[in-house]
Amino acid sequence: MPCEVKPRFVLLYGSQKGQAESLAEGIAEVAEEHGLAAELSCLNHNEKYNLETENAPVVFIVSTTGDGEPPDNALQFVKRIKEKTLSPDHYKHLCYALLALGDTNYANFCNCGKTIERRLQELGAKQFYATGYADDGTGLEVVVEPWIEGLWKAIKGALSKMASNKAAFVKGLAADSPRGAPDSTMPDVQLNLLRITDQQSRESIKAPVSKSAAAASPPAPGTHAAVSDLRPAVPTGSSVLASRSPGASAVSASAPETPGTDDGRPRVSPPASLTRSLPPLSESSLNLPALPPPYLDVSLQEADPAGEAVGPSNVEALSAAPVCRAVQLTTGDSVKTALLVELDVSAHPMVTYHPGDSFDVFCPNRAAEVEEALHRLGLSDQRNHRVHVSLLKDTKKKGAQVPSYMSQNISLLYLLTWCLEIRSVPKKALLRALVEHTGHSGQRRRLQELCSRQGSADYNLYVRDCGLSVPELLAAFPTCSPPLSLLLEHLPKLQPRPYSAASSCLRHPGKLRFVFSVVEFPACSWRPAGRRGLCTGWLFDLINPVLLSPGEDESSVSPAPPKIHVSLRPNRSFRPPSEPSAPFIMVGPGTGVAPFIGFLQQREQQRKDDAEAVFGETWLFFGCRHRDGDFLFRDAKNMAKDVNNALMEMIQTELQVDQLEAMKTLAALREEKRYLQDIWG
């Protein structure tokens, strides 16, 4: 018998920090369960796909970075489709669906996805499934999960329609052609119309609840207006199913009991927490995501620790700049601690920056957290062993690759210190994988709840919104003992942290200044001591020996200056006006004022160098919580929105126009590069 060929679709992603890529990989892995074959590729790998001739459905998963810019690995694709030489019917053969990721706390929400969709439609492409706009500000899963759930039916519908159209086309050709005279322009092909059926295996995960409770608590419908119609209705009283991959085990857990006290009074139940749920969630059947297939084979080999690399993995491409000055800008009673750091980059001629540029700071994971990770993995005694990573034979993961940052000649200690973001917030795929390595049934059930659709609110509250890290999660679930390979499969690359330059090369040759506030995560039940941000905490500890308090004079004797590995990030779109006579306004609260200090220093130096030049008015608006403690240079959620709204009101008032016209005016200023934003989280 001929082997069955699964209908195919193309799956393309553009991702800056890995979220869109992870979602695309998850879709590709589950596709087989739905009788489909996904061809996965990054948008910039245009040698692996060809939209000019593609006749299968195409699914895009794209994020947005910076000021509405495409991710680095989607930039070339966006440039290609924006070429003005392309005709309006260039993609008339293409049918597509798109999931856009963004954050409403920043300007230009989902702008990359909107740009791609707008251009595809201008070039004749047809949409076969409603676009999803997922907001990281409220939780991506609110939109992502129902969007993916409805995607399979949409793809099959598109494939079925394509097959019907092709069959009708061939039938029409046959009717028009003289009998017995083959059409010389048509290749000799045989069309096999496939019956597309959903082969997804499902298994119910049920808690022992009463019929009345099951009937009274059906799963809530989707709440996001844009995609609420994509979630299939569940009849009242029916059980909710949990899809699983082959080999996964279903777990049943009893509802938590509330025993009485000795005198017969009911005992008060403990409140819900990271490790404990309450009804109705604790009594609900759960929809679990598919179990991610393992794909890495990891082994440790004993080696001599001598000669071990120190510093970031790409240290040869970085500049190790010594700290020549560090000053605390805020007083001790201020809400946040803000510091100014000056680096000596005179030995690095390639570090030539302009006001508005930023640069990356490469920092390690905290030593105490690395030690805790080694302890939980049971590998403390093998910290200096070399890590060998290869692909598992016969892995079912689509497009599996060994991450490029996992070099074969590094120790386990170096890998956990410089390569992996061990503080990353665990995604639901990781929680699902951890279920299989958790011994206690109650803890297994809670991890299932946190990664389920029904537990989305708890996931947001106890994991996502509070910035729970992987080490904190493992500490809260002591019977969870994952293998090293699982963490390597799910933990992202340790990313450098970007900072804006707060100086001008004209004013301070050979020096680079930046300002940062020490990020503080408050204490909670699973974080009793609180903690500082990874990079800001590391920077504070590093410069503390040479740190000057406000008003303190520099000492003639100081310890050896510490060094910081940095890499320049030019920002050619965030610049002061090239014409000095043009007036301009700057708005930056808290440490957001940093790049504008460079702007002002640049303009001041230009005035000194050319006394005859004409300079326009320059206005700087900045804000602080307390004038006495936070007045930098004598923070801010929703600040970009507030500035945008203030400008809208000004335009409406001064030009006597309505809100729509004010929006158009502001959009025109953006288009003309007269309204520039540089927004950081």
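Starting from 1, each residue takes its place in the sequence as its number.
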Quick one: list whatever passes side-chain contact (heavy atoms from CB on, under 4.5 Å) with Lys427, sequence neighbours left out.
-> Gln19

Side chain to side chain donor-acceptor pair (under 3.5 Å) partners of Lys114, counting only residues at least two apart = none

Can you sort out the partners of Cys419 under side-chain contact (heavy atoms from CB on, under 4.5 Å), two or more places apart, ordered by chain and number?
-> Tyr405, Ile410, Tyr414, Leu415

Quick one: salt bridge (Lys or Arg N to Asp or Glu O under 4.0 Å) pairs with a partner in residues 68-90, sequence neighbours left out?
-> none

Residues that Asp103 engages under salt bridge (Lys or Arg N to Asp or Glu O under 4.0 Å), provided they are two or more places apart | none

What side-chain donor-acceptor pairs closer than 3.5 Å can you find for residues 288-299, not counting sequence neighbours?
residue, atom, partner, partner atom, Å
Tyr295, OH, Glu489, O, 3.4

So salt bridge (Lys or Arg N to Asp or Glu O under 4.0 Å) across residues 35-48, not counting sequence neighbours, yields Arg8-Glu39

Sequence neighbours excluded, the answer for side chain to side chain donor-acceptor pair (under 3.5 Å) partners of His90 is Glu52

Can you sort out the partners of Pro496 under side-chain contact (heavy atoms from CB on, under 4.5 Å), two or more places apart, ordered by chain and number?
-> Asp360, Phe362

In chain order, what residues pass the side chain to side chain donor-acceptor pair (under 3.5 Å) check against Gln443, with sequence neighbours excluded?
-> Thr479

Listed by chain and number, what are the side-chain contact (heavy atoms from CB on, under 4.5 Å) partners of Ala154, not counting sequence neighbours?
-> Phe128, Tyr129

Residues at least two apart in sequence or cross-chain that pass side chain to side chain donor-acceptor pair (under 3.5 Å) with Thr438, listed by chain then number, are none

